[in-house]
There are 2 protein chains.
Amino acid sequence: MKQSQARECFAALSQETRLSIVRLLVKAGEAGVAAGAIADDVEASPSNVSFHLKELERAGLVTQRREARSIIYAADFSGLQSLIEFLMKDCCGGRSEICAPILAAAACKPASKRSRAHA
Amino acid sequence: MKQSQARECFAALSQETRLSIVRLLVKAGEAGVAAGAIADDVEASPSNVSFHLKELERAGLVTQRREARSIIYAADFSGLQSLIEFLMKDCCGGRSEICAPILAAAACKPASKRSRAHA
DNA sequence: TTCTCATTTCAATAGTACTAGAATTATAGG
DNA sequence: CCTATAATTCTAGTACTATTGAAATGAGAA
């Protein structure tokens, strides 16, 4: 990923409504969420959500597909991967004992912030 | 990390000069870089870099310490950790087979984009 | 103390992004 | 074909953010 593209991704994520949308879609996974349902969830007008979704798509963070009358949006996990990769690339001059725990902490946790799993 | 704070982080990273600074400091690791040297590296005026460093500090992405006449800035790796954690939290409804490879790909690679290590 | 270097603060300007509402396009059903 | 629904596009107004250069601050050296 080039720096200019990473910048666009961060810009996309720097806006309240858009960040809420991405978080919603990250939770939703591959199933995705229809545009209207997204607007309900983040409590914004349809036109406003449409504007932000286009922005997120341009940044490569979400994908869209039509399903009957609805348009379903889903997080683009490969885009997220590239972004994190870009941010941490060459970190610490390659001393992985510093950055390894950072990524370990980010590992997929099922709806609980604590490390003590209670599922 | 709260959403508002994550938003500030992304906003901080969404600006060309600031993103260059963070990448520089991520590479530099704990040793850090003096403000003046940062300005040279990213090719911006001292006052402009100072403005951006303050912004990055406010977001919790860099730390500063004084060393003689210079002020040394370093990446705040715990801040970066929290940010990635926030972005990927509860992802895919807990189906780690989807998000695990994302984080694996982001693992610390010593200055080479390819997986074939040649150090 | 006085001088010098490194960095920050300040004030003004210019550029960019966000929001809301009305009109438009696209799909499904009667 | 005509109506209803889902979503997007367009336009205009408002607010925020970045940049620049000059002046001020703070730390060390003579």
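Below, read A as the first sequence line, B as the second, and so on, with proteins coming before strands; counting in each chain starts at 1.
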Novice: For the CG atom of B:Leu83 and the OG atom of B:Ser78, what is their distance to the nearest 0.5 Å?
Specialist: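 Spacing of CG (B:Leu83) from OG (B:Ser78) equals 11.5 Å.
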Novice: Between A:Ala68 and A:Ser14, just flag the one whose closest nucleotide in DNA chain C comes earlier from the 5' side.
Specialist: A:Ser14
Novice: Would you please name every residue forming a side-chain contact (heavy atoms from CB on, under 4.5 Å) with A:Ala39, sequence neighbours left out?
Specialist: A:Val49
Novice: At how many degrees, to 10°, do the end axes of the helix from C:dT1-D:dA30 to C:dG30-D:dC1 meet when each uses five pairs?
Specialist: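 Comparing the axis at each end, I get an angle of 30°.
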Novice: According to salt bridge (Lys or Arg N to Asp or Glu O under 4.0 Å), who are the partners of B:Glu43, at least two apart in sequence or on a separate chain?
Specialist: none
Novice: Does A:Gln64 have any side-chain contact (heavy atoms from CB on, under 4.5 Å) partners at least two apart in sequence or in another chain, and if so, which?
Specialist: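 Expected list: A:Glu57, A:Ile71, A:Tyr73.
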Novice: Taking all non-hydrogen atoms of both residues into account, name the closest pair between A:Ile72 and A:Ala31 and its distance.
Specialist: CG2-O, 3.6 Å
Novice: If only atom types and distance count, is the side chain of B:Arg23 paired as donor or acceptor with the main-chain N or O of A:Lys89 below 3.5 Å?
Specialist: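 Pair found, side chain donor or acceptor close to backbone of A:Lys89.
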Novice: Taking only residues at least two apart or on different chains, which pairs with a member in residues 60-77 of chain A satisfy salt bridge (Lys or Arg N to Asp or Glu O under 4.0 Å)?
Specialist: A:Arg65-A:Glu67
Novice: Does anything in residues 2-11 of chain A come within less than 4.0 Å of DNA chain C? Heavy atoms only, and list the residues if so.
Specialist: none
Novice: Extract, from 5' to 3' on DNA chain D, the first and final nucleotides lying under 4.0 angstrom from some heavy atom of chain B.
Specialist: D:dA18 to D:dA29
Novice: Return the CD to CZ distance between B:Glu16 and A:Arg7, rounded to the nearest 0.5 Å.
Specialist: 5.5 Å
Novice: Separation of A:Glu67 atom CD from C:dT27 atom C1', in whole Å?
Specialist: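 Distance check: A:Glu67 CD to C:dT27 C1' gives 13 Å.
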Novice: Holding to side-chain hydrogen bond (donor to acceptor under 3.5 Å, both in side chains), I want the full list of residues that pass it with A:Ser47, two or more places apart in sequence or in another chain.
Specialist: none
Novice: Could I get a table of every N or O pair under 3.5 Å where one atom is in the protein and the other is in nucleotides 6-9 of chain C?
Specialist:
unit_1: C:dT7; atom_1: OP1; unit_2: B:Ala35; atom_2: N; d: 3.2
unit_1: C:dT7; atom_1: OP1; unit_2: B:Gly36; atom_2: N; d: 3.3
unit_1: C:dT7; atom_1: OP2; unit_2: B:Gly36; atom_2: N; d: 2.8
unit_1: C:dT8; atom_1: OP1; unit_2: B:Tyr73; atom_2: OH; d: 2.4
unit_1: C:dT8; atom_1: OP2; unit_2: B:Ser50; atom_2: OG; d: 3.1
unit_1: C:dT8; atom_1: O5'; unit_2: B:Ser50; atom_2: OG; d: 3.1

Novice: Taking only residues two or more places apart in sequence, or in another chain, which ones meet A:Glu8 in a side-chain contact (heavy atoms from CB on, under 4.5 Å)?
Specialist: A:Arg58
Novice: Please round to the nearest 0.5 Å and tell me the distance separating atom CG of A:Asp41 and atom CD1 of A:Ile21.
Specialist: 9.5 Å
Novice: Residues in side-chain contact (heavy atoms from CB on, under 4.5 Å) with B:Ala75, at least two apart?
Specialist: B:Leu25, B:Val26, B:Phe77
Novice: Please identify each residue that fulfils side-chain hydrogen bond (donor to acceptor under 3.5 Å, both in side chains) with B:Ser20, with sequence neighbours left out.
Specialist: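 Scan of B:Ser20 (side-chain hydrogen bond (donor to acceptor under 3.5 Å, both in side chains), adjacent residues dropped) gives A:Gln3.
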